[in-house]
Colleague: 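Right, I'll just put the structure down here and ask away after.
Model, not experiment: these values are computed from the prediction. This chain uses plain numbering: 1 for the first residue, then up along the sequence.
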Amino acid sequence: LSLTWQDNIGAGAKPFHYSVHVILSDHESYITKYNNPTGLISTYYKGMRVGDMWGYETEGYFTSEEDIANHADQTLIYASSSNQALPGDIKFKDLDGDGKITPGDGTLSNPGDKKIIGNTEARLPFALNLSTDWNNFFFSVFFQGVGKRQWWPSSDASLFWGQYNRPYSWEPADVYNNQWSPENPDGYFPRLRGYVALNSGKELHEQQSKYVQNVAYVRLKNISFGYKLPYKLISNWGMSAARIYVTGQNLWVWTPMYKHVRTMDPEVIEGADPELSPGAGDGMDYPMLKSFTVGLNVTF
């Protein structure tokens, strides 16, 4: 969808001209043929929507020993070195009702307690371009972004997991101040333990609904302001047109990602090969650079 409005306000020698251009698109992609006869969900399969992520549904945290005892057996995804869950550990939903939290055999026919929890494809990409000019002055601003996209911070995403990844890693304030504790039972992160996001078999290593990130964004891609020099002035120097301008690139971005990971650039955030770990990435791609340009454009 592409829409353009433009008009003049006022009349005479100095009308105010403006233009608005909006672009919005969308798409979905599906696998129609792939050699996966057993229906493994760890790779592509026929009928798969490209970008789908499989994982567990997070119910919250265990609140007490009684809560743990009454919940489905979660020891296959163990919470500690003693292989026993404790209050403050992640609790997964028993989707298949067998009394155990398991990945099944990892196939479409038996995914255990896993389901599709998100999709990494960039949906609803959009752009908005506004421009005006009046009395030789001109101004334009360009926004672009993505309306819907999800991302799972992989085990190597230390910028997200902090000390849950490695206990000697950096400790973001938003992680430290928002951990589960008896005094803070609604913390965004579970009780603090090292390596539970890094090591296979630990509950933060497992893709799950709670920590899938919304990496939609809107970015101020370009903003420009300038002045067209009067023809009477520049014609004496053999010019037919000349303008001076200042331009800024990538000056601002907003995303609903969780607080401290907003420092990651949602436009270039990494996604892994779906055959290895659908939707996962470490978020360490090089961000878009901010820049300023001052220039003079001359036509003879």
Colleague: Using atom types as modelled and distance alone, determine if a side-chain donor or acceptor of Asp52 lies under 3.5 Å from a backbone N or O of Ile116.
Modeller: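 Answer holds: no.
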
Colleague: Which heavy atom in Pro256 sits nearest to a heavy atom in Ala216, and how many Å separate them?
Modeller: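 Looks like CD-O, 3.2 Å.
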
Colleague: Do Gln208 and Trp152 touch side chain to side chain, with heavy atoms closer than 4.5 Å?
Modeller: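 A side-chain contact exists here, since the closest heavy-atom pair is under 4.5 Å.
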
Colleague: When you group the ILVMFWY residues by side-chain heavy-atom contacts below 4.5 Å and let the links chain together, are Leu124 and Ile23 in the same group?
Modeller: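 Cluster IDs for Ile23 and Leu124 differ.
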
Colleague: Once you round to the nearest 0.5 Å, how far does CG of Leu40 lie from CG of Leu108?
Modeller: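 If I round to the nearest 0.5 Å, the distance is 8.5 Å.
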
Colleague: Is the backbone N or O of Val146 less than 3.5 Å from a side-chain atom of Arg123, with the two atoms forming a donor-acceptor pair by type?
Modeller: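 Looks like no, no N/O pair under 3.5 Å.
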
Colleague: Within this structure, what is the CG-CE distance for the pair Asn119 and Met48, rounded to the nearest 0.5 Å?
Modeller: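 Rounded to the nearest 0.5 Å, the CG-CE separation comes out at 8.0 Å.
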
Colleague: Under 4.5 Å between side-chain heavy atoms, counting indirect links through other Ile/Leu/Val/Met/Phe/Trp/Tyr residues: same cluster for Leu198 and Tyr176 or not?
Modeller: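 Result: no, two separate clusters.
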
Colleague: Kindly say whether Thr58 contributes a backbone atom to a donor-acceptor pair with the side chain of Ser209 at under 3.5 angstrom?
Modeller: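 Judged by distance alone, yes, a pair lies under 3.5 Å.
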
Colleague: With heavy-atom distances below 4.5 Å as the criterion, would you say the side chains of Glu267 and Val253 are in contact?
Modeller: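 No, too far: nothing below the 4.5 Å cut-off.
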
Colleague: Should we count CG of Asn35 as having more than 12 external heavy atoms under 6.0 Å?
Modeller: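 No, not enclosed.
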
Colleague: Decide if atom CD of Glu28 counts as having more than 12 heavy atoms of other residues, nucleotides or ligands within a radius under 6.0 Å.
Modeller: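 Yes, because the 6.0 Å sphere around CD of Glu28 holds more than 12 heavy atoms from other groups.
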
Colleague: Enumerate the residue pairs fulfilling side-chain hydrogen bond (donor to acceptor under 3.5 Å, both in side chains) with a member in residues 99-111, sequence neighbours excluded, ordered by first and then second residue.
Modeller: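 Applying side-chain hydrogen bond (donor to acceptor under 3.5 Å, both in side chains) to every pair that reaches into residues 99-111, excluding sequence neighbours, yields Asp105-Thr107, Thr107-Ser109.
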
Colleague: Might you point out which heavy atoms bring Phe92 and Gln74 nearest each other, and give the distance in Å?
Modeller: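 Heavy-atom minimum between the residues: N-OE1, 3.0 Å.
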
Colleague: If you group Ile, Leu, Val, Met, Phe, Trp and Tyr by side-chain heavy-atom gaps below 4.5 Å, do Phe225 and Tyr245 land in one group?
Modeller: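 Result: no, two separate clusters.
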
Colleague: Counting distance only, does the side-chain N/O of Asp113 pair as donor-acceptor with the main-chain N or O of Asp96 below 3.5 Å?
Modeller: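 Indeed, once roles are kept as given, a pair shorter than 3.5 Å links the two residues.
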
Colleague: Just so I know, are the side chains of Trp151 and Pro266 near enough to count as touching, which here means a heavy-atom distance under 4.5 Å?
Modeller: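 Of all side-chain heavy-atom pairs linking Pro266 with Trp151, none is under 4.5 Å.
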
Colleague: Given Tyr56 and Ile117, is the side chain to side chain contact (heavy atoms under 4.5 Å, CB included) satisfied, shown in steps?
Modeller: CA-CA 8 Å; Tyr56 295 100; Ile117 58 172; over 6 Å; no

Colleague: State, yes or no, whether a side-chain contact exists between Tyr217 and Arg219 at a heavy-atom distance under 4.5 Å.
Modeller: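 Yes, at least one pair of side-chain atoms sits under 4.5 Å.
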
Colleague: Within the 4.5 Å heavy-atom criterion, are Phe139 and Tyr18 side-chain neighbours or not?
Modeller: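 Phe139 vs Tyr18: side chains apart.
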
Colleague: Report yes or no: does Asn36 contribute a side-chain atom to a donor-acceptor pair with the main-chain N or O of Lys46 at less than 3.5 Å?
Modeller: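 No, Asn36 side chain to Lys46 backbone: no donor-acceptor pair under 3.5 Å.
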
Colleague: Between Trp134 and Pro15, what is the shortest heavy-atom contact and its length?
Modeller: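 Looking at all heavy atoms of both residues, the closest pair is CD1-O, 3.6 Å.
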
Colleague: Taking all non-hydrogen atoms of both residues into account, name the closest pair between Ile101 and Leu76 and its distance.
Modeller: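 Residues Ile101 and Leu76, closest heavy atoms: O-CB, 3.8 Å.
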
Colleague: Walk me through it: do Asp133 and Ser131 pass the test side chain to side chain donor-acceptor pair (under 3.5 Å)?
Modeller: CA-CA 7 Å; Asp133 63 78; Ser131 62; over 6 Å; no

Colleague: Could you tell me whether a side-chain N or O of His71 sits under 3.5 Å from a main-chain N or O of Asp94, the two making a donor and an acceptor?
Modeller: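 No.
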
Colleague: Using a 4.5 Å cut-off on heavy atoms from C-beta on, say whether the side chain of Val218 contacts that of Trp252.
Modeller: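 When only atoms from C-beta onward are counted, Val218 and Trp252 do touch, with a gap below 4.5 Å.
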
Colleague: Can you label the angle between the Phe137 ring and the Tyr227 ring as parallel, tilted or perpendicular, going by 30° and 60°?
Modeller: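 Phe137 vs Tyr227 ring planes: tilted.
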
Colleague: Has Phe292 got more than 12 heavy atoms of other residues, nucleotides or ligands less than 6.0 Å from its CZ?
Modeller: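 Incorrect, the count does not exceed 12.
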
Colleague: Looking at Lys228 and Arg243, what are the two nearest heavy atoms and their distance?
Modeller: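 That would be CA-CB, 4.0 Å.
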
Colleague: Just verifying a value: how many Å separate Phe62 CZ and Lys91 NZ, rounded to the nearest 0.5 Å?
Modeller: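 One gets 6.0 Å once the value is rounded to the nearest 0.5 Å.
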
Colleague: Give a yes or no on whether the backbone of Val196 and the side-chain of Glu203 come within a donor-acceptor separation of less than 3.5 Å.
Modeller: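 No, the answer is negative, given that no donor and acceptor are paired below the 3.5 Å cut-off.
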
Colleague: List the steps, then state whether side chain to side chain contact (heavy atoms under 4.5 Å, CB included) holds for Asn222 with Gln249.
Modeller: CA-CA 5 Å; Asn222 179 280; Gln249 297 272 4; 3.1 Å; yes

Colleague: Specify the closest pair of heavy atoms between Tyr30 and Gly47, including all atoms of both residues, with the distance to one decimal.
Modeller: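 Closest approach of Tyr30 to Gly47, heavy atoms only: CD2-O, 3.8 Å.
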
Colleague: Quick one: CD1 on Ile41 to NZ on Lys115, what's the gap to the nearest 0.5 Å?
Modeller: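 Result: 13.0 Å between the selected atoms.
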
Colleague: Measure the CD-CZ distance between Gln163 and Phe189 for me, rounded to the nearest 0.5 Å.
Modeller: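 Rounded to the nearest 0.5 Å, the CD-CZ separation comes out at 12.0 Å.
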
Colleague: Passes side chain to side chain contact (heavy atoms under 4.5 Å, CB included), Gln207 versus Lys114? Steps please.
Modeller: CA-CA 9 Å; Gln207 288 191 168; Lys114 289 188 175 184; over 6 Å; no

Colleague: Taking the side chain from Asp89 and the backbone from Ala85, do they hold a donor-acceptor pair closer than 3.5 Å?
Modeller: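 Checking the backbone N and O of Ala85 against the side chain of Asp89, no donor-acceptor pair under 3.5 Å is found.
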
Colleague: Is it true that Tyr188 and Tyr211 have ring centroids separated by less than 6.0 Å?
Modeller: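 Yes - the distance between ring centres of Tyr188 and Tyr211 falls below the 6.0 Å cut-off.
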
Colleague: Taking Phe142 as the starting point, is it possible to reach Trp254 by hopping between hydrophobic residues whose side chains are less than 4.5 Å apart?
Modeller: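 No, it is not one cluster - the side chains of Trp254 and Phe142 are not joined through contacts under 4.5 Å.
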
Colleague: Can you tell if the side chain of Gln144 reaches within under 4.5 Å of the side chain of Leu128, non-hydrogen atoms only?
Modeller: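 In short, these two side chains do not touch, never coming nearer than 4.5 Å.
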
Colleague: Roughly how far, to the nearest 0.5 Å, is OH of Tyr61 from CD1 of Ile90?
Modeller: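 One gets 5.0 Å once the value is rounded to the nearest 0.5 Å.
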
Colleague: Answer yes or no: is there a donor N or O on one side and an acceptor on the other, between the side chain of Trp161 and the main chain of Ser154, under 3.5 Å?
Modeller: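 Looks like yes, one N/O pair under 3.5 Å.
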
Colleague: Verify side chain to side chain contact (heavy atoms under 4.5 Å, CB included) between Tyr164 and Gln179, making sure each step is shown before the conclusion.
Modeller: CA-CA 11 Å; Tyr164 291 93; Gln179 301 162 3; 3.3 Å; yes

Colleague: Any heavy-atom pair between the side chains of Ile68 and Pro87 that's under 4.5 Å?
Modeller: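 Answer yes - side chains close enough.
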
Colleague: Among the clusters formed by ILVMFWY side chains lying less than 4.5 Å apart, do Tyr168 and Leu192 turn up in the same one?
Modeller: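 No: no chain of side-chain contacts under 4.5 Å links Tyr168 to Leu192.
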
